[in-house]
Amino acid sequence: MPSALHPWNLSPTDAVALQYELAKQIRLECTPAMARAGIGRIAGVDIGFEDGGETTRAAVVVLAWQPGTTEHLQVIEQVVHREPTRMPYIPGLLSYREVPAALGAFAKLSRYPDLVMVDGQGIAHPRRIGVASHLGLWLELPTIGIAKSRLCGRFEPVGEARLSTSELTHRGETIGVVLRSREKVKPVFVSPGHLIDQASALDWVIRCLHKTKLPEPTRMADRLASRRDRPKTAG
DNA sequence: GCGACAG
DNA sequence: ATCTTGTCGC
């Protein structure tokens, strides 16, 4: 279990130093639990902002993984958590801004999922610890990062066909894959976050794709975190 | 020193 | 991320 006093409000310099330390703890292998018990619940996480950015809103949507049944990929539970925004957006330090709120949302879940998909990078990060990795370390759950754009790394153009991929590399390492999740739409960047390997990360994302650009977990969380899906006022 | 730069 | 309306295309 991570330190109960894990610092979130650090100066950029200290935040970067901590990333180097935390990155050493990331494990890119599937857990025995995942192989033994399998996956029954997959969660999607995303963060939105209100009041011109003063309030951070975290959303977590848990979907059922029950191939062949009517409940497959249906919503089991969804929660929203709001709290004051604590940091500005700084490329490379996104997790310090978003993870605290995400943890607040997870605390409201009646039960944890077996796998988590996060809107943002996993290890496809300059120091190999994007928001998905950082969240995974804290929760000690398998996480996958699905970003809509690139933070770092290089890649060859992705094929036009759906499910075409291109390797994302950085400083001689493979850090993720660029995936054409839908035809005629900009590709997404998939990278393992924690407790999962690259191949499995890509497999799970593909398995959760319907006809949209984003996999169901992330797409659902996106809608809940965004203000367009706000519940109507009673009356 | 000059760009690039998740959300 | 957010501010914002309608509109073109599969």
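Please read all numbers here as calculations on a predicted model, not as lab measurements. Lettering follows sequence order; numbering is per chain, from 1.
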Give the rounded distance in Å between these two atoms: [atom1] of [X] and [atom2] of [N].
X	N	atom1	atom2	value
R57(A)	dG7(B)	CZ	C1'	13 Å
R97(A)	dA6(B)	CZ	P	12 Å
L214(A)	dG7(B)	CG	C1'	13 Å
Q19(A)	dA6(B)	CD	P	14 Å
M117(A)	dG7(B)	CE	C1'	19 Å
H125(A)	dG7(B)	NE2	C1'	12 Å
F49(A)	dT4(C)	CZ	C1'	19 Å
I47(A)	dG7(B)	CD1	P	12 Å

Using a heavy-atom cut-off of under 4.0 Å over every strand shown, decide if [X] touches base, sugar-phosphate, or nothing.
X	answer
G48(A)	sugar-phosphate
G92(A)	base
Q121(A)	base
I146(A)	nothing

N/O contacts under 3.5 Å, protein versus nucleotides 8-10 of chain C?
none

Note: contacts of residues 148-170 of chain A with DNA chain B (heavy atom, under 4.0 Å) are K148(A), S149(A), R150(A), L151(A)

**Prompt:** Judged by atom type as modelled, is there a donor-acceptor pair below 3.5 Å linking the side chain of S181(A) to the main-chain atoms of K213(A)?
**Reply:**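 Confirmed, S181(A) side chain pairs with K213(A) backbone.
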
Q.
Under a 3.5 Å distance rule, please check whether H194(A) uses its side chain to pair with a backbone N or O of P142(A) as donor and acceptor.
A.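 Side chain of H194(A) to backbone of P142(A): no pair is present.
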
Review point. Does a donor on one side chain and an acceptor on the other come within less than 3.5 Å for E77(A) and S110(A)?
Key: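 The answer is yes; a qualifying pair exists.
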
Is R223(A) salt-bridged to D46(A), going by a charged N under 4.0 Å from an acidic O?
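No, no charged N to carboxylate O under 4.0 Å.
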
Checklist line | Side-chain ion pair, E21(A) and K24(A), N-O less than 4.0 Å | finding: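 Salt bridge flag = yes for K24(A) with E21(A).
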
Should we count CZ of R207(A) as having more than 12 external heavy atoms under 6.0 Å?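 Counting other residues, nucleotides and ligands, CZ of R207(A) exceeds 12 neighbours.
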
Taking atom NZ as the centre, does K186(A) end up with more than 12 heavy-atom neighbours from other residues, nucleotides or ligands that are less than 6.0 angstrom away? no

What about H134(A) and Y96(A), are their ring centers closer than 6.0 Å?
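Yes, close enough.
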
query = From I26(A) CD1 over to I196(A) CD1, what is the distance, rounded to the nearest 0.5 angstrom?
reply =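 The CD1 atom of I26(A) sits 13.5 Å away from the CD1 atom of I196(A).
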
- Message: With the criterion set at under 5.5 Å between ring centres and under 30 degrees between planes, would dG7(B) be stacked on Y89(A)?
- Response: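 A stacking contact exists, since Y89(A) sits close and nearly parallel to the base ring of dG7(B).
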
